[in-house]
Amino acid sequence: MTGDAAYRIFADVVLVTHVAFVVFVVLGLALVICGGILHWQWIRNPWFRLLHLVAIGVVILQAWLGVMCPLTTLEMALRAQARETAYQGDFIAYWLQRLLYYDGPPWAFTLCYSLFGILVVCSWLWFRPLPFRRGDLHASRTS
């Protein structure tokens, strides 16, 4: 495997990770709302809810500070190392990039992220997570 191919593979792994993060944030809220309406108990898991809240919080903080997502930065650096500037035949990576990255003014993204974050916070009020119990963290590490 050449160095360029290795960088391209690492860039694709970062891209898939980035898409998985976005899916977790977006689908997580949809599942919380649907699960709250349908009385699914698993959506009340405090660790899931906290992780989801922290995930969108990081996105909002980056947007308000004008900081580019570190996954985007890492992927671009790896693609540059692979001497890759455009779509070169990797079908899945091409379509994941098309779905994840789109042009728009930065304020529009900040507004969308902030509104989405407000919905996540509201979901905590509408469909409250269960309280954390003493020993939850220890139990989750040993199971």
Side-chain angles (χ1 to χ4, degrees), residues 3-88 90-143:
D4 290 353
Y7 283 115
R8 189 173 300 115
I9 289 169
F10 291 138
D12 289 346
V13 168
V14 171
L15 176 62
V16 169
T17 303
H18 200 173
V19 170
F21 179 86
V22 171
V23 168
F24 170 72
V25 170
V26 174
L27 189 60
L29 179 59
L31 289 171
V32 166
I33 292 170
C34 290
I37 293 168
L38 298 172
H39 305 289
W40 297 341
Q41 287 304 305
W42 70 267
I43 63 103
R44 294 173 46 94
N45 180 298
W47 292 107
F48 166 71
R49 298 294 292 279
L50 182 62
L51 184 60
H52 187 251
L53 183 65
V54 168
I56 189 60
V58 167
V59 171
I60 293 168
L61 184 63
Q62 289 172 347
W64 277 95
L65 294 176
V67 175
M68 184 179 281
C69 175
L71 292 172
T72 302
T73 304
L74 178 58
E75 182 195 350
M76 290 184 338
L78 290 167
R79 295 211 185 277
Q81 287 291 335
R83 301 168 220 232
E84 192 175 77
T85 56
Y87 174 56
Q88 296 181 352
D90 190 339
F91 180 78
I92 293 172
Y94 171 75
W95 283 106
L96 289 176
Q97 281 182 318
R98 300 268 311 186
L99 289 170
L100 189 61
Y101 303 118
Y102 40 89
D103 291 327
W107 66 264
F109 293 101
T110 301
L111 177 64
C112 289
Y113 299 152
S114 298
L115 292 173
F116 192 90
I118 290 169
L119 283 174
V120 170
V121 170
C122 288
S123 77
W124 274 66
L125 302 173
W126 296 327
F127 312 110
R128 292 192 179 275
L130 295 171
F132 289 97
R133 295 182 312 246
R134 177 174 237 144
D136 275 352
L137 182 58
H138 176 71
S140 68
R141 277 192 260 159
T142 58
S143 24

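Trp64 is linked by a side chain to side chain donor-acceptor pair (under 3.5 Å) to Ser114, counting only residues two or more places apart in sequence or in another chain.
Arg44 approaches Arg128 most closely through the heavy-atom pair NH1-O, 2.9 Å. Between Phe127 and Gly36, the shortest heavy-atom contact is CD2-CA, 3.2 Å. Pairing each heavy atom of Pro131 with each of Pro46, the nearest pair is O-CG, 4.0 Å.
Here Asp12 contributes atom CG and Glu75 contributes atom CD; the two are 7.5 Å apart, rounded to the nearest 0.5 Å. Atom CZ in Arg79 sits 11.0 Å away from atom CE in Met76 (nearest 0.5 Å). To the nearest 0.5 angstrom, Leu51 atom CG is 12.0 Å from Ile56 atom CD1. Distance check, rounded to the nearest 0.5 Å: CG of Leu74 to NE2 of His18 gives 10.5 Å. Between the CH2 atom in Trp124 and the CG atom in Leu119 there is a gap of 15.5 Å [rounded to 0.5 Å]. We find the CG-CD1 distance between Leu65 and Ile60 to be 11.5 Å, quoted to the nearest 0.5 Å.
With a 6.0 Å radius and a threshold of 12 heavy atoms from other residues, nucleotides or ligands, Phe48 has its CZ atom above the threshold. With a 6.0 Å radius and a threshold of 12 heavy atoms from other residues, nucleotides or ligands, Phe21 has its CZ atom above the threshold. Atom CH2 of Trp42 sits in a crowded spot, with more than 12 heavy atoms from other residues, nucleotides or ligands closer than 6.0 Å.
When each of Leu29, Val23, Val25 is checked for a side chain to side chain contact (heavy atoms under 4.5 Å, CB included) with Leu27, only Val23 meets the rule.
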Criterion side chain to side chain contact (heavy atoms under 4.5 Å, CB included) on Val59 and Phe116, from CA distance to verdict
CA-CA 10 Å; Val59 171; Phe116 192 90; over 6 Å; no

Please assess Val32 against Trp126 for the test side chain to side chain contact (heavy atoms under 4.5 Å, CB included), listing each intermediate value before the final yes or no.
CA-CA 10 Å; Val32 166; Trp126 296 327; over 6 Å; no

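At distances below 3.5 Å, at least one donor-acceptor pair connects side-chain atoms of Arg49 with backbone N or O atoms of Ile43.
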